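Okay, structure first, notes after.
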Amino acid sequence: MKTDQVLSVLEKHEGDRGGLIAVLEDVQAKYGYLPAEVLKIVAEETGRSLVDIYGVATFYRSLSLRPRGKHLCSVCTGTACHVRGAPVIAGEFERQLETAVGATTEDKEFTLETVNCLGACALGPIVVVDGHYFSNVNSSRVKQIIKKTHAGLDEAEIKADRRVYLHTVSCSRCNHSLMDPNHKIDGSPAIRVTVSFERKHGWLRLSSLYGSFAVESEYPIRTDEIVDVFCPHCHAELKSAPACPLCNAPMVSMIVRAGGIVQICSRRGCKGHMLDLNGGGV
Amino acid sequence: MITLTINGLEVPVEKGTTLLEAARFLGFPIPTLCHMDGLSPYGACRLCVVEIGEGPKAKLVSSCTYPAQEGLIVRTASSRVLRARKMVLELLLASCPQSKTIQDLASAHNVRQQRFRQEHEDCILCGLCVRMCKEQMVAKAIGFRGRGQTRSIGTPFDIRSEECRLCGGCMYVCPACQLRCTYTEPEKAVCGGCANVSPPCVEKEQFDDMMCYMTPCVACEIQE
């Protein structure tokens, strides 16, 4: 158990008394749940009693004392969804995922839970997976939803939504285009850069659709690996000054042809990015 | 000083006095379950309800938490209050008929029936033990956990708390487990046995198992 993570969270919240829920939310974001040892550290550091913290942690549904799966699947069982067959859908999820409501699958992929109302009763029965809403769900669609989640909901949504912005980028030093018209990701030309990590040196292709995080690379890059990114033309490192707002890793900057700079996090799996368009008429 | 009227009697009290204290000062009995002198008022059991105001604006409030106000008109035993108290007692009997404290209160208030589904809970969530632990023992070893139907009292993670000094204060104040009515059968909610000249529970076998809402019970561990 890494305790320095919880200490950094507490340091961030130092001084704001009464911000226990905010602290617990941040702790949960770091660990995925609230481990008992971490709650004890929170109690010691904030001077609150463990009983009070445990009371808050068990009171709110969004705080969990047990490890959760990679995907959170919430089946609405509010009145409107209930009469339209939400219990059947929850049962179908239980069968398909081979787990119970409130529990996590053995492979730690799914956590299944029921919620009381999502406030979208007209669309019921509703299932929410990782923030993606599925409306008018019936039991035959359950398998499809699980399959879609396994495939990656973010990719699925890029295909469905054509409003995402397609950008053309170039190196910030030599201004050569980084686009690779011969190689397509998400159906549009990919961005090609050179990456180096762990003494490996190879190409990396990124989707040029804004909002898509699809990548292809010569060597498989582990999640959380921080890579150095270079321009394939002038071999300059595409580094930028600010750190990633999500994970503090260095950012990679590229010039957007329409005018502006796009910065992406150099950590594999991190979705931190910044888009700064300075009046480019976009 | 504030002057208020309780059951037609004018009484001057100091600012900050609760209606319960003022009524007891005058000698009007108000039953309580979750109130204890020395602990902060909580207003959980609703047994101490009184009626304040007049006419259509009259309302029921818990006297243990309601501060005295200038010119307030309070009735501690109106028919509406008595009806509400009886209902509260019926509900308490429905959840915890084994408690002698509750059975005695039910007898004293002439509760002769219990119309709800009978449960045999170990706890009525009055919070006396939590306040005792926090305010008098300054330990904060037990507290409320969860919410709604799954709300319960106990230690964090259901393990022995490091803060607990095994003082037994929680058991001492608990209305559900300090005294146990041994006569009540599962199907019989209202006991009233103590009102008889020869109480029927004398001949009955005593319960040998301790009942406690806490697992493990922090007070019982003293005996080990």
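This is a predicted model, so every value here is computed, not measured. In what follows, chains are A, B, ... by sequence order, proteins preceding strands, each numbered from 1.
- Both the backbone and the side chain of Phe157(B) come within contact range of chain A, with heavy atoms under 4.5 Å apart.
- Heavy-atom contacts from other residues, nucleotides or ligands closer than 6.0 Å to CD of Glu70(B) number more than 12.
- Within the model, atoms CZ of Phe59(A) and OG1 of Thr150(B) stand 9.5 Å from one another, a figure rounded to the nearest 0.5 Å.
- For chain B, no part of Ile53(A) is nearby; none of its heavy atoms comes within less than 4.5 Å.
- For CD of Glu135(B), the number of neighbouring non-hydrogen atoms (other residues, nucleotides, ligands) closer than 6.0 Å is greater than 12.
- Atom CZ of Phe116(B) has more than 12 neighbouring heavy atoms from other residues, nucleotides or ligands inside a 6.0 Å radius.
- Between Lys140(B) atom NZ and Asp52(A) atom CG the span is 5.0 Å, to the nearest 0.5 Å.
- With a 4.5 angstrom heavy-atom cutoff, Ala141(B) touches chain A only via backbone atoms.
- The 12-atom threshold is exceeded at CZ of Arg61(A), counting heavy atoms of other residues, nucleotides or ligands nearer than 6.0 Å.
- More than 12 heavy-atom neighbours from other residues, nucleotides or ligands sit within 6.0 angstrom of CD on Glu119(B).
- Ranking Gly143(B), Gly148(B), Gly146(B) against chain A, the residue ahead of the rest is Gly146(B), based on heavy-atom pairs under 4.5 Å.
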